[in-house]
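Working notes, beginning with the structure itself.
Naming: A, B, ... by sequence-line order, numbering from 1 per chain. Since we're looking at a predicted model, the values are computed, not measured.
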Protein chains: 2
Amino acid sequence: MNPTNPQPTDPQPGAPQPGATRPHTGRRRNEAAHQAILDAALQLLAASDGTPVTIDAIARTAGVGKQTVYRWWPSKGAVLLDALTDRADQDVTGPDTGILRTDLQTFIATTFDAAQRGTTASALRTLVREAARDPHLAELMQTFTAARRTALRELLDRGRQRGELPVGADLDLIVDQVYGVFWYRFLLGHAPLDRTVADRLAQSLVTGGE
Amino acid sequence: MNPTNPQPTDPQPGAPQPGATRPHTGRRRNEAAHQAILDAALQLLAASDGTPVTIDAIARTAGVGKQTVYRWWPSKGAVLLDALTDRADQDVTGPDTGILRTDLQTFIATTFDAAQRGTTASALRTLVREAARDPHLAELMQTFTAARRTALRELLDRGRQRGELPVGADLDLIVDQVYGVFWYRFLLGHAPLDRTVADRLAQSLVTGGE
DNA sequence: TGGTTGCCGAGACTGCTAGTCTTGTCAAGC
DNA sequence: GCTTGACAAGACTAGCAGTCTCGGCAACCA
């Protein structure tokens, strides 16, 4: 959320620890500017239909100097990802009804829905486009998506322990089938990502592979 | 292959045929330069580990002026894709042994293998990266991949007609599961794309979804 | 209250790249 | 020999990421 916080902003006064840094003096960071930047980034990300979002535009929209952006984030991609994750609810816990197929259906349908709701879709698309050129952003995104992949894997593991999947099932492959289809269709846009597809996909993955 | 063939600029007085073009005069196009550009593009594409390939570099490597590149291709992306498809064998016919699962295994394994063999992998990765920014290239790639998607779909359709898939099976979803997993793993590189995965994937798709 | 520190907005600047334009040259035909 | 048009070389424009500089201002301290 705040990847470049080099110094503690409010160290206790009169703490001359050998390793401790000198207490902070000078003007404090402007939290309003921080939020304005995230808001501007999200707004531009949402409005851009694939068109790259520039740092200049973000700074100008936020009414902020470019240097202020780079003081808080290391790269453009970091700002964009931070803007998006700021809004995404981070509690990625899969459903757990005790029936694998139902849980899987819900998980997949929720994923499809969340990605396409509101302005998230164009923002996400732009983000991926940027990640294709920005290795740093790509790494950040991988961390971000890892939480969702893990949640899905745990959901599958619970099902396997209940005997709803064969012991030798390749859970990683199933995870990749779900997210593979998702990203493939999401980015190419040649076929829908709706409830029907989610159900069919869940069914295919639960009944197959034994 | 020759997207910019300029039209005769002036309607000559006393032209006998309205639709006929004036016979070509002047220096002829240099086929060696054409090939040198494609070779240079492929070479740089293969050597670049994700780093963008520049037009300047292509022209310099080919010993050619930049204008010559743009005379033959409309954009950088077009050159890159042309360079790649020049080598890829274009007869995308799926196997047909009469057994769906075997055909599917072969098709998937061949796809995995072809993408990773030799210098193709890095070239393909760079190409996708460029396509994320270049709408023209993205369109070209979609045409390129459509042939492979069609071949897979026909393979599945043959199997369905033989009763190896339920009549109501969603063939498009199966196709997207195959290519979704492929691109997802190919681009992220977090898991293998080998023969074992191909077999498991084929098995999952044939026995599931009924 | 005045001094020091460090964030702030503004915008100039560098470096890189796609794509265009210019120039002088050279090959093919008339 | 003249016209035509492809050619190599490279200057040029435009756009963007990221850096640097500058004057201003807020927070803290003595």
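- Closest contact between the side chain of B:Asn30 and the listed nucleotides D:dA26, D:dC7, D:dA17 involves D:dC7.
- When each of D:dA17, D:dA27, C:dT17 is scored by its nearest atom to the side-chain atoms of A:Lys76, the top-ranked nucleotide is D:dA17.
- The shortest distance between the side-chain N/O atoms of A:Arg29 and the OP1/OP2 oxygens of C:dG6 is not below 4.0 Å.
- With rounding to the nearest 0.5 Å, the separation of CD in A:Gln177 from CD1 in B:Ile174 is 10.5 Å.
- When distances are taken from the side chain of A:Val64 to each of C:dG9, C:dA18, D:dC25, the shortest belongs to C:dG9.
- The shortest distance between the side-chain N/O atoms of A:Trp73 and the OP1/OP2 oxygens of D:dA17 is not below 4.0 Å.
- Taking B:Tyr179 as the reference, nothing meets the ring pair (Phe, Tyr, Trp, His ring centres under 6.0 Å) condition, with sequence neighbours excluded.
- Where A:Ile55 and A:Gln67 meet DNA chain D, the nucleotide closest to each residue was compared, and A:Ile55 sits on the side nearer the 5' end.
- The side chain of A:Arg27 has C:dG6 as its nearest neighbour among C:dT17, D:dG5, C:dG6.
- In this structure, of D:dG24, D:dT19, C:dA18, it is D:dT19 that holds the atom nearest to the side chain of A:Tyr70.
- Between A:Thr111 atom OG1 and A:Trp183 atom CH2 the span is 10.5 Å, to the nearest 0.5 Å.
- Remark: B:Arg71 is not in phosphate contact with D:dG5, judged by side-chain N or O atoms under 4.0 Å from OP1 or OP2.
- Between B:Thr68 and D:dA8 there is a side-chain polar atom (N or O) within less than 4.0 angstrom of OP1 or OP2.
- Partners of A:His136 according to the ring pair (Phe, Tyr, Trp, His ring centres under 6.0 Å) rule, which considers only residues two or more places apart in sequence or in another chain, do not exist here.
- Donor-acceptor pairing under 3.5 Å, judged by distance alone, is present between the side chain of B:Lys66 and the base of C:dG19.
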